[in-house]
Structure formats: C-alpha cells, structure tokens
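The structure appears below as structure tokens.
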Amino acid sequence: MTADRPAALYGSDAPEDVQRTALTDGSVPVAVYGLGKLGLPVATVYAERTGNVVGVDVDPSVVSQVNGGDSPVAREPGLDEALAEQVARGRLRATTDASEAASAAALHVVVVPTPLADGGDSDGGPDSDTDPKPDLSHLDAVTEAIGDGLDPGDAVFVECTVPPGTCAERVRPRLAAESGLNPTQFGVAACPERVSSGRALDDVRGTHPRVVGGADDESTRVARLVYDTLVDSEVHPVADAATAAASKVFEGVYRDVNIALANELASQTADLGIDVREAIAAANTQPYCDLHDPGPGVGGHCIPWYPHFLMDRVEGTPLLSTARAVNDGMPDYTAERLREALAEEGVSLDGAEVLVLGLTYRADVAETRATPARPLVDALNAAGAAVVATDPFVAADEREAETFAAPVVPPADATSRDPDAVVVVTPHREFESLDWSAFDDPVVFDGRDALDDGTPHPTYTLGRGWE
C-alpha cells in the first residue's frame with residue numbers, strides 16, 4: 001500500500017476522497033460475518049461497491065452455495081443475479097474460517113443473529129410465561145474471531161440489532177482483550193440494518209436513511225464515510241453507538257406497540273358493532289395517525305424480540321410488557337374465535353379438522369422464527385382439533401416441517417382435505433389460486449383480511465366479523 005492509499009480507514013490522516021477511493025477500488029478488504037437473509041444481501045452490496053469482500057458463515061453448505069454463485073436465500077428479488085455476478089467477477093467469496101477472514105480484513109461488518117434465550121421457545125421466540133433475555137452468543141463468538149485478527153486502524157461495524165450499550169460495553173472491550181490493542185487503535189460503530197425480507201437488496205442499497213453511531217468520534221466518522229459510499233440514501237450520524245442501536249430497537253418497539261393496539265381494537269369488533277378495519281383505514285386518512293393492521297400474532301426475528309432488548313436492561317416498561325402480552329395472546333384469541341365460529345355452525349372444535357394456511361411469520365418469506373402459527377397450532381391441538389397445515393416453504397423442508405405439531409402438506413394437496421375449518425394465518429401468493437369451492441363447507445377464519453374476493457363459505461375476518 002502506498003501512503004496515500006490506506007488499507008485501513010480508522011485513524012487515517014489521508015484526505016477523505018482518498019479514503020473513499022481506497023474503499024471503492026478494493027484496497028480496503030471487507031469481511032461480512034453472517035450470510036443469512038440479511039447478511040448475504042449486505043455482503044453482496046458491499047461487493048458491488050467495494051469489490052473486495054469475504055463472507056463468513058458457520059454453515060458449510062451456505063459457504064459452498066455462495067462460492068458457487070447460488071443464493072441460499074429464497075425469494076429475495078434480484079439477489080440471485082447480483083450474487084452470481086459478484087462471485088463470477090471475483091469480488092465476493094465465502095468461508096467458514098472467521099479468524100482467517102478477520103486477519104485479511106480492514107473493515108469488519110457483523111450481521112449475525114441476536115435472538116432470545118433463557119425463556120425463549122424452541123425456535124428462539126418469546127414465551128410469555130418466562131423472562132426472555134437477549135442471546136448475544138453469536139455476536140460474542142464473532143467478536144472473539146475478529147479480535148484474533150484485528151489490526152490497528154481496523155473498523156468493526158455492528159449491523160445486527162443489539163441492546164443499547166452493547167458496542168461500548170461488550171464488543172469494544174472484548175475486541176481489545178482478544179487483540180491486545182488499545183481501544184483507541186480501532187473503531188467500533190453501531191450501524192443497524194434497516195432491511196425487510198423480500199426487498200433486502202433495495203433496502204441495503206438505501207431505501208431508508210442509514211443511522212450510524214460510533215464508540216468514539218473517529219468511529220462515527222469512518223462509519224459515515226463508508227455508508228455514504230455504500231448507500232444511495234442519507235446517512236444519519238447520531239451521538240454514539242448506544243443511540244444508534246437504540247434507534248433500531250425503538251423501530252421494532254413502535255411497531256409492536258402499534259400492532260398490539262390494533263389487535264386490541266380488533267378484539268372489540270363484536271362489542272363495538274363495527275368493522276374495525278374500516279375504522280382504522282378511515283382514521284389513517286389523518287396524517288398523524290398510522291394504525292397498523294391486526295393479525296393472529298406477531299412473528300419473525302425482529303418485532304417480538306426487540307422489546308426484550310429494552311426490558312432486560314431497564315425497569316419500568318409497563319407499556320412494552322402489555323403490548324407483548326397482547327400480541328403473544330393473539331394465537332389463543334384466534335383459536336377461541338374459531339371455536340365460537342364453529343359453534344355458530346353447530347360444530348365442536350374438539351374433534352374438528354382444521355386446515356391452517358401459512359406457517360411462516362410473513363407472506364412469501366421463508367422464515368418461521370417466532371411465527372404465531374406455531375402457538376396457534378399448539379392451541380388448536382390442545383382444544384382437541386385435528387390440525388393439518390400447508391405452507392410452500394415449510395412443506396419443502398422436511399426438517400422444518402417436523403418442528404410443527406401437525407402434518408404439513410404442499411398447497412397443491414390442501415384442497416384434497418375435507419376440513420371443518422380453515423384458518424388463514426400467512427397469505428402466501430400460492431394461496432391466491434386456492435380453489436375454495438373444492439372444500440365441502442368449512443368455516444373460514446381470515447386472520448389477515450387476505451380474502452379480497454371472499455369465499456363461498458361462512459367467513460369470519462379478524463377485525464371485521466362475519467362476512
């Protein structure tokens with residue numbers, strides 16, 4: 001490296017335009033740790049903009065697929081083509097050896113899972129009967145590997161969601177201890193991803209402003225420089241890493257509380273005697289109102305977990321606790337409304353066959369972490385129902401299907417069943433062509449208001465009532 005073309009950015013006294021050029025011409029090697037649904041799009045965009053990226057993942061099959069130019073992440077628009085191009089051009093490769101990648105990199109980007117533990121359920125989701133806590137073991141393992149290869153001038157960006165204070169109190173000290181470096185010799189910043197599955201590439205490239213905050217001012221400067229180069233949107237620096245991390249947690253908390261409000265309102269449909277969804281849509285015509293949609297529960301690796309990132313750290317969060325209780329209670333609420341709907345037709349839930357449409361937490365996304373479908377299936381089983389489920393993603397993965405307490409059939413086979421009830425949990429696009437007339441005469445419970453054209457069967461829609 002020449003003196004005016006630095007390999008490392010933290011503490012560099014080179015002009016910022018020189019540092020940007022070093023970043024974009026591949027002179028600053030980048031390692032991205034975690035090649036899952038979020039990490040792989042992040043690694044791909046870094047490869048597009050810098051040309052010198054190694055991705056790290058603990059799963060050898062993921063590494064093999066990536067090195068073959070094949071995306072292990074399904075249904076992510078544009079990712080297959082973008083990944084294949086970057087691998088073919090030699091701008092992106094993958095490895096399972098985090099220490100080797102760390103030794104070669106000057107910029108380290110961490111996008112590993114940060115689920116719940118010590119009270120989480122079997123798939124990492126929250127259990128309302130216990131006290132879930134953030135599980136930062138994946139972050140700790142990656143931090144140790146990075147520390148083993150950390151050099152002066154390196155910068156570490158934590159993109160995964162973490163409790164406020166994690167970067168300064170946990171990541172930076174561990175890096176220093178493992179590397180033997182003084183904390184002033186390397187940078188640490190929280191740069192939380194703001195990505196949704198199904199539009200990940202666009203979001204990484206810059207659908208929303210990017211928030212960055214460092215453990216010190218120089219870390220913030222480097223993070224701002226890098227993301228100014230990486231994304232097309234505004235970069236929004238904040239006071240420190242804790243503030244940046246909190247901003248992402250607050251996003252999830254806002255949505256959890258908002259959805260809980262919508263769910264509580266939806267539960268009053270009968271007592272109010274109105275279509276609550278229509279009232280919500282009317283209320284939202286006022287620009288200061290943005291009520292979310294009710295549903296049979298809140299799932300995924302974000303919204304149901306992030307409130308615990310605050311509740312584990314501070315005391316006195318009754319609103320967050322209440323919102324969690326409301327949303328965690330929606331699967332049981334759904335099962336109870338289904339029991340009542342069947343009773344209206346003279347059918348007992350005990351002994352009835354119930355077909356559950358959708359097991360992933362969100363439509364067209366292959367993710368079952370903390371999905372509300374799991375506790376719903378359990379509640380229906382506990383009520384004596386004979387539950388059968390269908391989901392295109394879960395049916396295609398035998399190991400995943402076995403984690404549910406119900407047989408899982410492909411969508412094409414669903415209409416061969418003769419259920420007493422059908423529950424719409426996750427409206428995948430495959431269900432749009434479902435031949436409802438093939439069923440004899442089930443009660444339909446639409447938890448998502450997804451049946452725009454209705455069905456020829458008695459239908460109860462959450463938040464609307466009978467239709």
Side-chain angles (χ1 to χ4, degrees), residues 1 6-12 28-36 38-39 42-43 46 52-60 62-63 93-115 117-118 133-193 212-223 226 240-242 244-245 309 312-313:
M1 291 313 267
L9 301 175
Y10 183 86
S12 172
V28 180
V30 179
V32 177
Y33 304 85
L35 297 177
L38 304 181
V42 168
Y46 262 98
N52 186 4
V53 176
V54 57
V56 182
D57 200 275
V58 296
D59 188 337
V62 168
V63 168
R93 66 178 182 87
T95 180
T96 58
D97 192 336
S99 295
E100 177 213 6
S103 296
L107 180 58
H108 309 265
V109 184
V110 183
V111 203
V112 296
T114 51
D118 298 332
K133 299 179 182 298
D135 176 5
L136 301 181
S137 59
H138 301 293
L139 177 65
D140 290 343
V142 166
T143 299
E144 291 177 7
I146 295 173
D148 187 51
L150 199 68
D151 292 317
D154 283 6
V156 179
F157 295 164
V158 178
E159 284 214 11
C160 46
T161 307
V162 295
T166 299
C167 287
E169 299 168 10
R170 193 179 190 117
V171 174
R172 199 183 195 195
R174 287 171 183 256
L175 289 171
E178 192 68 28
S179 66
L181 297 176
N182 187 291
T184 62
Q185 293 180 278
F186 58 88
V188 175
C191 310
E193 51 79 17
V212 300
D216 55 29
D217 290 344
E218 175 64 0
S219 296
T220 301
R221 183 198 69 80
V222 173
V226 169
D240 51 31
F309 286 20
D312 179 63
R313 187 174 177 87

Run the side-chain contact (heavy atoms from CB on, under 4.5 Å) test against A223 and tell me which residues pass, sequence neighbours left out. F157, A189, C191, V212
Beyond-backbone contact of R172 with D216, side-chain heavy atoms, under 4.5 angstrom: yes
For A245 and A190, work out which heavy atoms get closest and say how close. N-CB, 4.1 Å
Counting N and O atoms only, with roles assigned by atom type, does the side chain of S219 sit under 3.5 Å from a partner on the main chain of G187, one being a donor and the other an acceptor? no
Tested for side chain to side chain contact (heavy atoms under 4.5 Å, CB included) against V171, the lone hit among D140, V188, V110 is V188
Would you name the heavy atoms of C167 and A241 that are closest together and state the gap between them? CB-CB, 3.7 Å
Between D97 and V56, is any pair of side-chain heavy atoms under 4.5 Å apart? no
Which pair of heavy atoms, one from E178 and one from E144, lies closest together, and at what distance? CG-O, 3.3 Å
Determine yes or no for a side-chain-to-main-chain donor-acceptor pair under 3.5 angstrom, with S103 supplying the side chain and G149 the backbone. no
Please report the closest heavy-atom contact between V28 and A106, naming both atoms and the distance. CG1-CB, 4.1 Å
Side chains of H138 and V58 in contact at under 4.5 Å (non-hydrogen atoms): no
Using a 4.5 Å cut-off on heavy atoms from C-beta on, say whether the side chain of V162 contacts that of P134. no
Please answer whether the main-chain N or O of S99 pairs with a side-chain N or O of D148 as donor and acceptor at a distance below 3.5 Å. no
Between N182 and T184, is the side-chain hydrogen bond (donor to acceptor under 3.5 Å, both in side chains) condition met? List the steps. CA-CA 5 Å; N182 187 291; T184 62; 2.8 Å; yes
Which heavy atom in V53 sits nearest to a heavy atom in V32, and how many Å separate them? CG1-CG2, 4.1 Å
Take V156 and I146 through the test side-chain contact (heavy atoms from CB on, under 4.5 Å) and record every step on the way to the result. CA-CA 8 Å; V156 179; I146 295 173; 4.0 Å; yes
Which pair of heavy atoms, one from D135 and one from A117, lies closest together, and at what distance? CB-CB, 3.6 Å
Indicate yes or no: at least one non-hydrogen side-chain atom of Y46 is less than 4.5 angstrom from one of L107. yes
With rounding to the nearest 0.5 Å, note down the distance linking CZ in F309 to OG1 in T166. 8.0 Å
Is the shortest side-chain heavy-atom distance between T143 and L175 below 4.5 Å? yes
Would the distance check show the side chain of E193 and the main-chain N or O of E159 forming a donor-acceptor pair, the cut-off being under 3.5 Å? no
Under the side-chain contact (heavy atoms from CB on, under 4.5 Å) test, residues paired with D151 that sit two or more places apart: D154
